[in-house]
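Counting starts at 1 for both ligands and their atoms, following the listed order.
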Amino acid sequence: MVKIRILMLGGTGEARALAEALEGTGRYETLLSLAGRTEKPSDQPVPLRIGGFGGAEGLAAFLRDGGFDLLIDATHPFAARISRSASEAAAATGIPAFALRRPEWMAEPGDRWTPVATIAEAIERLGPSPRRVFLAIGRQEAHRAEAAPQHFYLVRSVDPVEPPLVLPDVQLVLDRGPYCVESEVSLLRTHRIDALVTKNSGGSATYAKIQAARQLGIDVFMVARAPAATMETVATVEAMLAAIDHLFSPAMNRGV
Ligand code: NAP
């Protein structure tokens, strides 16, 4: 049976779940691409390639040279550059493409959110008086906190922040999630946190910190997403599978 070749841009739990689901159909041959940001990526159900492509042109060449039939952008909603490259490479090659994007979190009664456009703005909006801040944004932009050294920061990331943060009062927690509400409440209480800085990532894996902040009445500085690159988009793994099945009829697996 001829398998349909898929290049999937990943680095998220959804990408992993989608790769597993595609593998389960037996119809698709998926290559999962990771940026190489984490030192030990979690185990994946399909073959991997790791590292950048060299922009949209590099990605377009990779798609053509590899004879791919479909490109899936299942990267994190804050990974804007690779999503732009994916959209441009799909347009340049004419290869069909879909994006998998979890919906944004929406504020609920009891939430105390301050919407901000960037992490730098979130740090500024913490204000001049010292606060106890949980910085739950990963390590890439954690150094933005150095602009407001009067606060205590609890910084959580998968790998250590490099170079180390130059801050007088900071504590690092290395963890990968998913997290549960009870442990998040306990973390916030233990460190007497009064402000949470987070990206509006959406999804369930890291939502517990939002629920915990709601429960404890803690201020949340919610960084908004940048506008998404233009690509046909679905919100769930199930919807993506349906869209792919619709695109490729079983006859294509028989090479008809
Ligand atoms: P980014 O700013 O959009 O991408 C920067 C560059 O890294 C891209 O231009 C590309 O290099 C390379 N790249 C990114 N994702 C790639 C992938 N899946 N496969 C191959 N190359 C990739 O992305 P980022 O914010 O640094 O995120 C990097 C990765 O971490 C993403 O795959 C994302 O899914 C994951 N992640 C990000 C966040 C977040 O908050 N940003 C959170 C969780 C997971 P070239 O231009 O050379 O191709």
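- Arg81 CB, 3.9 Å is the protein heavy atom nearest to atom 2 (O) of ligand 1.
- Ranking protein heavy atoms by distance to atom 6 (C) of ligand 1, first place goes to Arg37 NH2, 3.6 Å.
- Closest heavy-atom approach to atom 29 (C) of ligand 1 among the candidates Pro41, Pro77, Ala35: Ala35.
- Not counting sequence neighbours, the partners of Ser183 by the side chain to side chain contact (heavy atoms under 4.5 Å, CB included) test are Cys180.
- The nearest protein atom to atom 47 (O) of ligand 1, hydrogens excluded, is given as Gly54 N, 2.8 Å; this is a heavy-atom distance.
- Proximity of His76 to ligand 1, defined as any heavy-atom pair under 4.0 Å, is shared by backbone and side chain alike.
- Ion pair Asp175/Arg156 not flagged as a salt bridge, since none of the NZ, NE, NH1 or NH2 atoms sits closer than 4.0 Å to an Asp/Glu carboxylate oxygen.
- Shown in contact with Phe78 at under 4.0 Å from a heavy atom are these atoms of ligand 1, numbered in order with element: 25 (O), 40 (O), 41 (N).
- Contact atoms of ligand 1 toward Arg49: 20 (C) (distance under 4.0 Å to a heavy atom of the residue).
- A salt bridge does not link Glu162 to Arg139: none of the charged nitrogens lies less than 4.0 Å from a carboxylate oxygen.
- For atom 10 (C) of ligand 1, the closest non-hydrogen atom of the protein is Ile82 CD1, 3.9 Å.
- Residue Gly55 has at least one heavy-atom neighbour below 4.0 Å for each of these atoms of ligand 1: 45 (P), 46 (O), 47 (O), 48 (O).
- Neither the backbone nor the side chain of Glu141 comes within 4.0 Å of ligand 1, counting heavy atoms alone.
- Closest to atom 11 (O) of ligand 1 among all protein heavy atoms lies Gly52 CA, 3.5 Å.
- Counting heavy atoms under 4.0 Å from ligand 1, residue Leu34 touches it through the backbone alone.
- Residues passing the side-chain hydrogen bond (donor to acceptor under 3.5 Å, both in side chains) test with Arg84, sequence neighbours excluded: none.
- Figure legend: cation-pi geometry between Arg176 and Tyr179 absent, as NZ or CZ is not positioned both under 6.0 Å from the six-membered ring centre and within 45° of its axis.
- With no hydrogens or angles considered, no side-chain donor-acceptor pair links Arg225 and Asn200 at under 3.5 Å.
- Ring-plane geometry between His76 and Phe78 is classed as tilted, the angle between the planes lying from 30 to 60 degrees on a 0 to 90 degree scale.
- Atom 32 (O) of ligand 1 has its closest protein heavy atom at Gly10 O, 2.8 Å.
- Side chain to side chain, Ser33 and Arg49 meet the donor-acceptor criterion of an N or O pair below 3.5 Å.
- Salt bridge present: Arg131 and Asp194 bring a charged side-chain N and a carboxylate O closer than 4.0 Å.
- Considering only non-hydrogen protein atoms, atom 18 (N) of ligand 1 sits nearest to Ser33 O, 3.0 Å.
- Less than 4.0 angstrom separates some heavy atom of Ala80 from each of these atoms of ligand 1: 3 (O).
- Remark: ligand 1 atoms within the under-4.0 Å shell around heavy atoms of Gln140 are 24 (P), 25 (O), 26 (O), 27 (O).
- Every atom of ligand 1 with a heavy atom of Lys199 under 4.0 Å away is listed here by number and element: 39 (C), 40 (O), 41 (N).
- Of the protein's non-hydrogen atoms, Gly11 O, 3.7 Å is the one closest to atom 35 (C) of ligand 1.
- Under 3.5 Å, the side chains of Asp73 and Ser83 contain a donor-acceptor pair of N or O atoms.
- Within ligand 1, counting atoms from 1 as listed, the ones closer than 4.0 Å to a heavy atom of Gly51 are 20 (C), 21 (N).
- Ring planes of Phe152 and His191: parallel class, angle under 30° (limits at 30 and 60°).
- Note on Arg5 versus Asp69: no salt bridge recorded, every NZ/NE/NH1/NH2 to OD/OE distance being 4.0 Å or above.
- Proximity of Ala15 to ligand 1, defined as any heavy-atom pair under 4.0 Å, is not found for any part of the residue.
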